[in-house]
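Since the structure comes first, as structure tokens, the remarks are kept for the end.
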Amino acid sequence: MKYSGKHINKTSDLTRGWQSLSPATYRGSTVVYPDYRSFINRGAGGRKAYTYGLAGTPTSRTLEARLSELEAAIDTFLVPSGLLAVTLTMLSVLEPGDKVAIPETVYGPVRRFAHETLLKLGIQTHYYDPRETQNIPFDDPHLRLIWIESPGSITMEVQDITGICKKASQKGILVGCDNSWASPFLCKPIKLGADLVVEAVSKTLSGHSDLLMGSISVGSEPLAEKIHGTIRALGVGVSPDDCFLALRGMETAELRLAHAGHSARLIAEQLNSPDGFPLVDKVLHPELSNAANQALWETQYVGSNGVFSLILKDEEDEAHAARYSSLETFSLGASWGGTHSLLAPSVITDNRCAGRYDGKRFLRLSVGLEPVELLAGDLDQFFAGPTR
Ligand SMILES: *Cc1c(COP(=O)(O)O)cnc(C)c1O
């Protein structure tokens, strides 16, 4: 049979009468128009007009609208990874001669972007200790953007989002917040005063370890135009299939967070008990009553994710490696926020926090949806060490 070239949507009415509970996945590069004038004026509808698959589909618009609502933002932009959400934001708002203040505990790959890309563009980075707001150089006339990541990657320091935003706005400095740990279900940085917020949609929001995506949500029209301009200039877009999966994952995000957060807190409390686990030097979970920044956690978050870390006492490398052979429920792997529980061991060696964590053995736990008894049993085995 020969290809007829007939326009499928034009010639069929098969969607009439179809209603379902799930969003449709609209695929397409080309957008077609009913007449000459609509084609010529296709860009006149502004940012949200449908002009080309790369510029958005009804499926990506559905996800953007859902995220804007959750973040209390005026608009949201989707990009292919959480890392790109951070870097594209910085590229959009920073100019040669500007300075950006980044917490020492920032998601690791952002450092590479700062020294490889920002530096080449004549943009300087100032790393600050996230535990004290006064460590941010608010009076530096070149400071254009303050980046917040709360709690910090691996080391889990909660930052004073409200305090930083208040001071920054007095000085006309922008504040961007990486809110991936909390997700908009547990914290809404724009409501706390941030100018924009990014999420690694790859993590808790999509929640099933099966896609990569980032979002940038903004609180003002000029910022929306800036981010949109960079996205269009660079040719960034996301797959409608991934948007569908993210939307589906978000339906259960609050329930998953509640479950994982509860299990993780139980586990953290157990590990935090004074003489139960000699190998545990410190439990880093913002909700624990002995966490340094517990008061800040309490005022800015309505709950906890299942992700927290341990500092382990040092031991011989081989003995340490052997502990992982007994794991039955936890898997070893980077990333977090999925249904399966993960352990991610690391040793900090890069002098990132004025050396205060150097040489320390960290273990990040991402608690998923398995029964908490199985997870606790796995950890008991892990801390008991292999039986010889
Ligand atoms: C994982 C992560 C990112 C990056 O997300 P990807 O989608 O994996 O690129 C950004 N920020 C934080 C805090 C993260 O944990």
Side-chain angles (χ1 to χ4, degrees), residues 63 67 71 76-91 100 102-114 117 127 130 145-159 161 175-187 189 194 196-217 231 234 236-239 242-243 245-246 249-250 253 257 260 264 284-286 297 300-301 304-309 333-338 340-346 348 352-353 362-368:
L63 178 54
L67 282 167
E71 304 275 15
T76 294
F77 303 92
L78 303 171
V79 297
S81 71
L83 180 56
L84 188 61
V86 179
T87 57
L88 190 141
T89 297
M90 292 186 181
L91 277 180
V100 54
I102 295 179
E104 287 169 336
T105 52
V106 73
Y107 176 63
V110 176
R111 283 176 174 260
R112 180 190 296 164
F113 172 75
T117 310
Y127 290 101
L145 173 69
I146 297 167
W147 197 250
I148 291 176
E149 185 189 316
S150 178
S153 276
I154 304 173
T155 47
M156 304 297 296
E157 296 88 343
V158 170
Q159 294 192 243
I161 304 173
V175 177
C177 187
D178 183 335
N179 193 46
S180 302
W181 180 83
S183 90
F185 290 106
L186 302 182
C187 177
L196 57 92
V197 58
V198 310
E199 307 283 354
V201 179
S202 322
K203 309 285 173 61
T204 302
L205 282 171
S206 64
H208 295 73
S209 317
D210 54 7
L211 66 89
L212 290 157
M213 195 186 292
S215 66
I216 307 165
S217 297
I231 281 179
L234 294 177
V236 173
V238 295
S239 149
D242 287 348
C243 292
L245 286 174
M250 282 165 64
L257 272 166
L284 305 171
H285 187 301
W297 175 81
Q300 299 180 141
Y301 298 84
S304 280
N305 203 326
V307 181
F308 69 100
S309 302
S335 198
W336 50 266
H340 296 270
S341 295
L342 294 173
L343 291 183
S346 62
I348 289 183
R352 79 172 69 156
C353 297
F362 282 82
L363 186 61
R364 184 178 63 198
L365 292 82
S366 174
V367 172

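In each ligand, atom 1 is the first atom listed, and ligand 1 is the first ligand listed. What you see is a predicted model; the values in this text were computed from it and never measured. Positions are given from 1 along the sequence.
Contact annotation: for Ser202 versus ligand 1, heavy atoms closer than 4.0 Å belong to the side chain alone. With a 4.0 Å heavy-atom cut-off, ligand 1 is reached by the side chain of Trp336 but not by its N, CA, C or O. Contacts of Leu83 with ligand 1, taken as heavy-atom pairs under 4.0 Å, involve both backbone and side chain.
Checking side-chain atoms of Thr204 against main-chain N and O of Gly207 turns up no donor-acceptor pair under 3.5 Å. In this structure, the side chain of Asn179 engages the main chain of Cys187 through a donor-acceptor pair within 3.5 Å.
Atom 11 (N) of ligand 1 has as its closest protein heavy atom Asp178 OD2, 2.6 Å. Among all non-hydrogen protein atoms, the one lying nearest atom 14 (C) of ligand 1 is Lys203 NZ, 2.9 Å.
Considering backbone and side-chain N/O of Gly82, one or more are found under 3.5 Å from N/O of ligand 1.
The shortest distance between side-chain heavy atoms of Ser180 and Trp336 falls below 4.5 Å.
With a 6.0 Å radius and a threshold of 12 heavy atoms from other residues, nucleotides or ligands, His208 has its NE2 atom above the threshold.
Between Tyr301 and Trp181, the ring-plane angle classifies as perpendicular under the 30° and 60° cut-offs.
For ligand 1, the atoms sitting less than 4.0 Å from at least one non-hydrogen atom of Glu149 are 13 (C), numbered in the order shown with element in parentheses.
Taking each heavy atom of Glu199 and Glu71 in turn, the nearest pair found is OE2-OE2, 2.5 Å.
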